[in-house]
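Below you'll find the structure, written out as structure tokens, and then a few comments.
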Amino acid sequence: MELDEQKYLYLLFILPIVAVLFLINLYWKRKKQREFGDLEIIKRLSPERSVFKPFLKLGVTLLGLASVIIGLVNPKIGTKVETVKREGIDIVFAMDVSKSMLAEDVAPSRLEKSKQIVSQIINQLGSDRIGIVAYAGSAFPVLPITTDYSVAKMFLQSMGPGMVSSQGTSLDEAIKLSGTYFDDKSKTSKLLILISDGEDHSEGAESAAEEAKKLGMKIVTIGLGTEKGGTIPLKKNGRVESYQRDNNGEVVITKLNPNSLATIAKITGGGYVNGNNTHEVLDYIKATLDKIQKTEFEATQMADFQSQFQWLLGFGFVLLFADIFLLERKTNWVNKLNLFNENK
């Protein structure tokens with residue numbers, strides 16, 4: 001099911017407001033009746049008045065309003081499930097979320113810049129499958145291979161240094177974990193887009209790249225930051241409280257190291273691109289994707305989503321129209337059954 005106009009969901013807050021107004025009005029009526037005289041005598045003077053009907057009218061009104069509001073949201077239901085054939089490649093984005101990526105030598109920060117780049121790369125993809133890995137001192141799987149780009153973007157925006165407990169930058173761990181995303185038996189082309197400032201605090205990145213090459217993976221690396229470097233601001237509620245310091249109490253200056261990133265990419269037949277210019281990165285990635293052979297694969301998905309708003313709007317308006325003719329006096333045949341114990 002899909003909700004076409006979710007912005008109208010806030011109108012559902014009208015329902016409890018209507019219910020509260022009904023209870024306030026009911027309390028006011030009872031209060032005025034007590035001021036007028038004894039409630040039992042008043043009840044005998046109006047024997048046809050139903051105690052239950054006002055609540056029934058409230059229920060009909062609330063159900064009618066709810067139906068109209070959900071109709072405005074326009075829920076869509078898939079009428080069948082289809083297995084469609086797609087052509088594309090498998091792409092894994094390995095994103096550096098270490099504290100050094102908080103440096104603001106690239107606006108708004110290296111990390112936010114990397115999110116913007118990945119999001120725009122996803123926008124220009126067609127039928128490719130994608131996955132996401134986060135890494136710092138260790139690697140962490142964020143999203144398995146999928147064709148659901150909207151979910152990928154949602155996970156992308158939540159990424160940050162807090163996802164990985166051990167700090168530092170371990171490129172080899174990122175490459176190894178990304179390799180597990182790909183199916184060894186599949187002939188689908190495999191591309192790893194690795195984004196980092198290149199400050200590798202581990203050993204073995206080159207050997208990990210050699211293993212990736214054996215698996216048929218191509219690695220494209222994107223470097224973020226400047227070679228001049230920048231400090232790492234530590235913020236709370238959006239305000240800078242201090243800057244990252246080393247064991248000697250000196251403010252840490254983190255710099256872009258393009259050499260390690262370029263070496264990793266070269267081993268697998270990929271390439272390196274500086275990520276500070278988004279347009280250059282997008283052009284480079286597009287050119288790279290155009291050169292990679294696309295493979296046909298199957299993807300099961302819901303198809304033929306149909307709007308259901310007309311049924312809900314129709315049902316809602318019928319209920320609201322019926323409420324006009326629903327009187328508060330007792331119904332004769334219901335009165336005979338005495339379902340609500342109103343005949344005393």
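Atoms considered below: every heavy atom in the structure, side chains included; atoms not considered: hydrogens, waters and symmetry mates.
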* To do: Let me see the working for K228 and K255 under side-chain contact (heavy atoms from CB on, under 4.5 Å), right down to the final yes or no.
  => CA-CA 6 Å; K228 180 181 178 182; K255 300 179 181 180; over 6 Å; no
* When you look at Y284 and V281, which way does the side-chain contact (heavy atoms from CB on, under 4.5 Å) test go after all the steps? -> CA-CA 5 Å; Y284 183 85; V281 175; 5.7 Å; no
* To do: Before giving the answer on side-chain contact (heavy atoms from CB on, under 4.5 Å), spell out for F317 and L313 the whole-Å C-alpha distance, their side-chain angles and the decisive distance to 0.1 Å.
  => CA-CA 6 Å; F317 285 128; L313 288 177; 4.3 Å; yes
* Asked: Taking it one step at a time, do M95 and M159 satisfy side-chain contact (heavy atoms from CB on, under 4.5 Å)?
  -> CA-CA 9 Å; M95 297 182 61; M159 295 177 68; 3.8 Å; yes
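S260 contributes a side-chain N or O that, together with a main-chain N or O of G198, makes up a donor-acceptor pair within less than 3.5 Å. Between the side chain of T268 and the backbone N or O of I219, at least one donor-acceptor pair lies under 3.5 Å. Between the side chain of S114 and the main chain of L111, a donor-acceptor pair closer than 3.5 Å is present. Of the possible polar contacts, one joining the K115 side chain to the Q157 backbone as a donor-acceptor pair under 3.5 Å is found. T221 places a side-chain N or O within 3.5 Å of a backbone atom of L261 that can act as its donor or acceptor partner.
Smallest separation of non-hydrogen atoms from S98 and P161: O-CG, 4.4 Å. For the residue pair A174 and A94, the shortest heavy atom distance occurs at CB-CB, 4.4 Å. Taking each heavy atom of G179 and M217 in turn, the nearest pair found is CA-SD, 3.7 Å. Of all heavy-atom pairs between Y149 and S127, the closest is OH-C, 3.9 Å. Residues G269 and K218 come closest through the heavy atom pair O-CE, 3.5 Å. Among all heavy-atom pairs drawn from P233 and L102, the shortest one is CD-O, 3.6 Å.
Counting only heavy atoms from C-beta outward, the side chains of L191 and L289 approach each other to under 4.5 Å. You'll find the side chain of V142 stays beyond 4.5 Å of the side chain of V133, heavy atoms only. Side-chain contact check for F321 versus V318: every heavy-atom pair is 4.5 Å or farther apart. At least one side-chain heavy atom of I232 sits less than 4.5 Å from a side-chain heavy atom of T254. Considering only heavy atoms from C-beta on, L256 stays 4.5 Å or farther from T226 through its side chain. Looking at heavy atoms from C-beta onward, L63 lies in side-chain contact with F315 at the 4.5 angstrom threshold. Between I130 and L125 the shortest side-chain heavy-atom distance falls below 4.5 Å. Within the 4.5 Å cutoff, the side chain of I117 has heavy atoms near those of the L224 side chain.
L9 and I17 end up in different hydrophobic clusters when Ile, Leu, Val, Met, Phe, Trp and Tyr side chains are linked at under 4.5 Å. When the side chains of ILVMFWY residues are joined at heavy-atom separations under 4.5 Å, either directly or via intervening members, L215 and L171 end up in a single hydrophobic cluster. Residues I253 and M101 are members of separate hydrophobic clusters, defined by side-chain heavy-atom contacts under 4.5 angstrom among Ile, Leu, Val, Met, Phe, Trp and Tyr. Using a 4.5 Å cut-off between side-chain heavy atoms of Ile, Leu, Val, Met, Phe, Trp and Tyr, with links allowed through other members, L312 and L12 fall into the same hydrophobic cluster. Two different hydrophobic clusters hold L21 and L11 under the rule that ILVMFWY side chains link at heavy-atom gaps under 4.5 Å.
Atoms OG and NZ, on S207 and K176 in that order, are 6.5 Å from each other to the nearest 0.5 Å. To the nearest 0.5 angstrom, R129 atom CZ is 8.5 Å from T147 atom OG1. Note that CD of E227 is 11.0 Å distant from CG of D105, once rounded to the nearest 0.5 Å. In this structure, OG on S178 lies 11.0 Å from CD1 on I193, to the nearest 0.5 angstrom. Put simply, CG on D90 and CD1 on I145 are 4.5 Å apart, with the number rounded to the nearest 0.5 Å. To the nearest 0.5 Å, atoms OH (Y272) and CG (N259) are separated by 8.5 Å.
Around the CD atom of E206, the shell of radius 6.0 Å holds no more than 12 heavy atoms that belong to other residues, nucleotides or ligands. Within a 6.0 Å sphere centred on NZ of K294, other residues, nucleotides and ligands contribute more than 12 heavy atoms. Around the CD atom of Q310, the shell of radius 6.0 Å holds more than 12 heavy atoms that belong to other residues, nucleotides or ligands. More than 12 heavy atoms of other residues, nucleotides or ligands sit less than 6.0 Å from atom NZ of K153.
For D197 and R110, the salt-bridge test passes: some basic side-chain N is under 4.0 Å from an acidic carboxylate O. At a threshold of 4.0 Å, the pair K213-E210 does not count as salt-bridged, since none of the basic side-chain nitrogens sits closer than that to a carboxylate oxygen. Under the 4.0 Å criterion applied to side-chain N and carboxylate O atoms, K113 and E104 are not assigned as salt-bridge partners.
Defined by atom type and a distance below 3.5 Å, a donor-acceptor pair is present between the side-chain atoms of N276 and N274. Side-chain N/O atoms of Q244 and T231 include no donor and acceptor closer than 3.5 Å. Side-chain contact check for T146 and D148: no donor-acceptor pair (N or O, by modelled atom type) lies under 3.5 Å.
Applying side chain to side chain contact (heavy atoms under 4.5 Å, CB included) to Y135 and the options I175, D96, I195, L177 leaves one that passes, D96.
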